[in-house]
There are 2 protein chains.
Amino acid sequence: MAKIKRAAAGELPEAQLRLIAKALADPRRHEILQQIGASREGAACADVRGCQAITAATLSHHLKELEAAGLIEIVRRGKFAQLNLRRDVLEAYRKHLGAILRPKG
Amino acid sequence: MAKIKRAAAGELPEAQLRLIAKALADPRRHEILQQIGASREGAACADVRGCQAITAATLSHHLKELEAAGLIEIVRRGKFAQLNLRRDVLEAYRKHLGAILRPKG
DNA sequence: CCATCAGTTAGACAGTCATCGAACTGTCGA
DNA sequence: TCGACAGTTCGATGACTGTCTAACTGATGG
């Protein structure tokens, strides 16, 4: 999984745009992201698993994808993992889509 | 390819959201979309092909995906095909992403 | 120290998808 | 009518990916 250096609120590097688009493309990840974003404090890993009919392994895989894309941040505390939405990154992606919208000239 | 009924400027049906996310996930389609969106009059099919090192067959495939997602409109005029960006649909998708951003409560 | 629990990693498998060449359809000009 | 051209459809193929089970790591409680 490629590392993405720093996701400023401004422009996202091309590689990250690709990872984000890919991460968003899977319905499962999309749903996970929605759940994490639903509350301001994020969500616990086990919490997500409780709502999803999904194996721990599969969930872990998807979380890694979301993290690699920079869309979430995973904070490990002892046995547990806390998942936080990177709102700045998602916002930057929205902004990027907005740029496509606007013809140049 | 599933047909999408009407893409109002408001909410997009779940199925279309999935198609859009998927369409956006491929780098090639992303680039094609950018090119189509770059000018207000859209782009000619041959034009896109000229900028892309891509087979006609592959391009046709991608255009079908983009059309199925509702992201572009293909207007056939004689031998040629004119491609127009559906800005309302892309805007609606952006709006949807914005909804994830906002915690409910 | 041991059992249990949360999450990760590894490997396998099935389904999806981007891509191509080749054959096809329909249009235009001569 | 014929040939050239734009784009489409078909079938095959190789790569990727979502999913699982099983084995592992690390933390917590007794």
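Order of the sequence lines sets the chain letters (A, B, ...), proteins ahead of strands, with each chain counted from 1.
The side chain of A/Phe80 has C/dA6 as its nearest neighbour among D/dA22, C/dA6, D/dA6. With C/dC5, C/dG7, C/dC20 as the candidates, the nucleotide lying closest to the side chain of A/Ala46 is C/dG7. For A/His61, taking side-chain heavy atoms from C-beta onward, the closest of the listed nucleotides D/dT19, C/dG7, C/dT19 is D/dT19.
The heavy-atom pair separating A/Val48 from A/Leu83 by the smallest distance is CG2-CD1, 4.0 Å. Nearest heavy atom pair, residue A/Thr55 against residue A/Arg49, reads C-NE, 4.2 Å. B/Leu71 approaches B/Leu85 most closely through the heavy-atom pair O-CD1, 3.4 Å. B/Arg29 approaches B/Ala23 most closely through the heavy-atom pair NE-O, 3.0 Å.
Here C/dT16 presents its P atom at 15 Å from CZ of A/Arg28, a figure rounded to the nearest Å. Atom-to-atom, CD of B/Glu65 to P of C/dT19 comes out at 11 Å; the value is rounded to the nearest Å. Atom-to-atom, CG of A/Leu63 to C1' of C/dG7 comes out at 10 Å; the value is rounded to the nearest Å. The interatomic distance linking A/Leu19 (CG) with D/dT17 (C1') rounds to 14 Å, in whole Å. Remark: P of C/dA18 and CD of B/Gln52 are 14 Å apart, rounded to the nearest angstrom. Atom CD1 of B/Ile54 is separated from atom P of C/dT19 by 6 Å (rounded to the nearest Å). Spacing between atom CD1 of B/Ile72 and atom P of D/dG7 amounts to 12 Å, rounded to whole angstrom units. Whole-Å rounding puts the B/Leu59 CG to D/dG7 C1' distance at 9 Å.
Regarding contacts with the backbone of C/dT19, every side-chain N or O of B/Thr58 stays at 4.0 angstrom or more from both OP1 and OP2. Checking the phosphate oxygens (OP1, OP2) of C/dT27, no side-chain nitrogen or oxygen of B/Arg77 falls inside 4.0 Å. Proximity of B/Thr55 to the phosphate of C/dC20: a side-chain N or O atom is located under 4.0 Å from OP1 or OP2. Close to D/dG7, at under 4.0 Å from its OP1 or OP2, lies no side-chain N or O of B/Lys64. Here B/Arg49 does not reach the OP1 or OP2 of D/dG7: none of its side-chain N or O atoms lies under 4.0 Å away. At least one side-chain nitrogen or oxygen of A/Lys22 sits closer than 4.0 Å to the OP1 or OP2 atom of D/dT17. Applying the 4.0 Å criterion to OP1 and OP2 of C/dT19, one finds that B/His62 has a side-chain N or O inside that range. The side chain of A/Arg76 contributes an N or O atom lying less than 4.0 Å from OP1 or OP2 of C/dT8.
Atom-to-atom distance recorded for B/Leu33:CG and B/Leu90:CG is 6.5 Å, nearest 0.5 angstrom.
Using a 4.0 Å heavy-atom distance criterion, B/Ala81 is classed as a sugar-phosphate-only contact.
Positionally, the nearest nucleotide of DNA chain D for B/Ser60 lies more toward the 5' end than for the other of A/Ala53 and B/Ser60.
Using a 3.5 Å distance cut-off with no hydrogens or angles, the side chains of A/His62 and A/Arg28 do not pair a donor with an acceptor.
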